[in-house]
Number of protein chains: 2
Amino acid sequence: MNPARRIREEIAASIQSGEWRPGDRVPTEQELAARYGCARATVSKALGELAASGLVERRRKAGTFVAHPPVHSAVMTVPDLAELIAARGEAYRWELASLETADAGDDLAGPALRIEGVHMAAGEAFALERRFIALGEVPEAADADFARVAPGTWLLGHIPWTQARHVIRAVNPTRKEAALLTTGVGAACLELDRTTWRAGRVVTHVRQLFRGDRFDLVAEFNAGP
Amino acid sequence: MNPARRIREEIAASIQSGEWRPGDRVPTEQELAARYGCARATVSKALGELAASGLVERRRKAGTFVAHPPVHSAVMTVPDLAELIAARGEAYRWELASLETADAGDDLAGPALRIEGVHMAAGEAFALERRFIALGEVPEAADADFARVAPGTWLLGHIPWTQARHVIRAVNPTRKEAALLTTGVGAACLELDRTTWRAGRVVTHVRQLFRGDRFDLVAEFNAGP
DNA sequence: CCTCATATTATGTCTAGACATAATGGCGCA
DNA sequence: TGCGCCATTATGTCTAGACATAATATGAGG
């Protein structure tokens, strides 16, 4: 076993088991180097990685300490709907409802495509989608065939490395939305709002609406290495 | 500016601007070391950090490549309700409804506390909570005063470094729940289910129910260093 | 032309030492 | 006693070199 990895894992285990509690002091690099019989740089690397993963906190001169756990954070994975539905073993289809060039959404500067459509799973409506794509940021979108391919899927291959912000809420559908989702206005739906930036400018904004009884989101948190 | 930091930031900028596209090859450590006039170990550290943050992918012999962006992942922060409500400038209060020792929840081994109560904001019900606490894992919980302090708040100070899994869905409340939340059974509510582990064993399981028009979750994704 | 062994190469890890930096604790001075 | 300065100390960063490892590219043989 790598010395660095061994140090990392042993310290992580001490923390996760509760043996070392938040705020406790971790031995100094020198002590650990002596204990594990390796160079200080190796210990430093191991501790640096633990710090990067949030398990410990390092302060010059003061030393290394077991970090206080984050209040509650977790990594949520929002799958591509085509993949999600395929993974369920159901037939996926995208149905374009409307496509037009709108001028200026809320936070989109300049002209944008406004796309509405339905994600179908096994012949039934699975999710409604309304999307804006900033043409100033993704001019190729004007030539894409959104009747054939869902805009989300198309974008995946055309906009690398963006930032995103999701807002998740429970809403009641409008009468029209309820009809499209084959449910009633009194049935809870999950709304997912995602805004995507690149270099500080909005690339796309999408609102997806799911029937509450057909979809849920999962987020996980696993500390450490 | 640090050489390591400079390398990291320049490469990250090249990727985030879209100049280097997913799959593109990043110069080798030797080339970068020569270009930046530093040791290979320094370049290696910078690239290692970029790899840890997911921006590049490294394969032995093959080289370093711009990573393909994750389908869609984001970090969600689930605030402590007491803090959330206080941050809104409203008075927070926890109202215990029932507390009993139940034997075995779904995935809890052994005896557990079963706690029900309401989180109040400005005198109105903000969220319903039903929680199990595994007494085998947190025996001190038996002595805590859950009439005075909300179990979530209490646990924050008593169980360091756990893993967690959240399931988020939109549901309709039961008649009883609707009454407690002063709303109707046709009003969409957000349900948050959180299971918390330590060392592979369930510590606590909580279900929180929010009025859809009063609460939403936010998740963000920011790539890079 | 295909397959398998081998040489090459880029990353992975480590060392021993050096200097930088920042924060703390204590010492000296007022 | 109280304040501010300074030495100490732990981390932060870097170097030059070494060896390990794994995957690709190449060449030999079938």
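All values below come from the heavy atoms of this structure, side chains included, with hydrogens, waters and symmetry mates left out. Each chain gets a letter, A, B and so on, in the order the sequences are listed, and its residues count up from 1.
Comparing A/E49 and A/K61 by the nucleotide of DNA chain C whose heavy atom lies nearest to each, the residue mapping closer to the 5' end is A/E49. Along DNA chain D, the nucleotide nearest B/A39 and the nucleotide nearest A/P27 are compared for position; the residue whose nucleotide lies closer to the 5' end is A/P27.
C/dT13 atom P lies 16 Å from atom CZ of A/R6, rounded to whole Å. Between the CZ atom of B/R8 and the C1' atom of D/dC14 there is a distance of 14 Å, rounded to whole Å. Between A/E29 atom CD and C/dG17 atom C1' there is a gap of 14 Å when expressed in whole angstrom units. To the nearest angstrom, P of C/dG12 lies 12 Å from CG of B/L50. B/E57 places its CD atom 13 Å from the P atom of C/dT11, with the value rounded to the nearest Å. Distance CG (B/N2) to C1' (C/dT21): 11 Å, rounded to an integer number of Å. Straight-line distance from the CD atom of B/E31 to the P atom of C/dT9: 13 Å, rounded to whole Å. Between A/F65 atom CZ and D/dT9 atom P there is a gap of 16 Å when expressed in whole angstrom units.
In terms of polar N and O atoms assigned as donor or acceptor, the side chain of A/R59 never comes within less than 3.5 Å of the base of D/dG12 in a complementary pairing.
Distances shorter than 4.0 Å separate none of the side-chain N or O atoms of A/S44 from OP1 or OP2 on D/dT13. Proximity of A/T42 to the phosphate of C/dT15: a side-chain N or O atom is located under 4.0 Å from OP1 or OP2. In this model, the phosphate group of C/dG12 is approached by a side-chain N or O of B/R58 to a distance below 4.0 Å at OP1 or OP2. Between B/K45 and D/dT13 there is a side-chain N or O to OP1 or OP2 distance below 4.0 Å. Taking side-chain N and O atoms only, A/T64 has a distance below 4.0 Å to OP1 or OP2 of D/dT11.
Summary for the helix from C/dC1-D/dG30 to C/dA30-D/dT1: the axes at its two ends, each from 5 pairs, differ by 10° when rounded to the nearest 10 degrees.
For B/Q30, the CD atom is loosely surrounded, since the number of other residues' heavy atoms within 6.0 Å does not exceed 12.
Closest to the A/T28 side chain, of the nucleotides C/dT11, D/dT11, C/dT13, is D/dT11. The side chain of B/R60 lies closest to C/dG12, out of C/dT21, C/dT15, C/dG12. Listed candidates were C/dC19, D/dC14, D/dA10. Nearest to the side chain of A/R40 is C/dC19.
Relative ring orientation between B/F126 and B/F215 is described as perpendicular, the plane-to-plane angle rising above 60° on a 0-90° scale split at 30° and 60°. Between A/H205 and A/F132, the two ring planes are tilted [angle within 30° to 60°].
In this structure, B/E129 does not pair ionically with B/R207, as no charged nitrogen and carboxylate oxygen lie closer than 4.0 Å.
When each of B/R35, B/K45, B/R58 is paired with B/E29, the salt bridge (charged side-chain N to carboxylate O under 4.0 Å, His left out) condition holds for B/R58 and for no other.
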Taking it one step at a time, do B/T204 and B/R131 satisfy side chain to side chain donor-acceptor pair (under 3.5 Å)?
CA-CA 7 Å; B/T204 182; B/R131 183 186 290 267; 3.2 Å; yes
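B/R5 comes within 4.0 angstrom of nothing in the nucleic acid, heavy atoms only.
A cation-pi contact, defined as under 6.0 Å to the ring centre and within 45° of the axis, is absent between B/R6 and B/Y36.
The CG atom of A/D80 sits 8.5 Å away from the CG atom of A/L84 when rounded to the nearest 0.5 Å.
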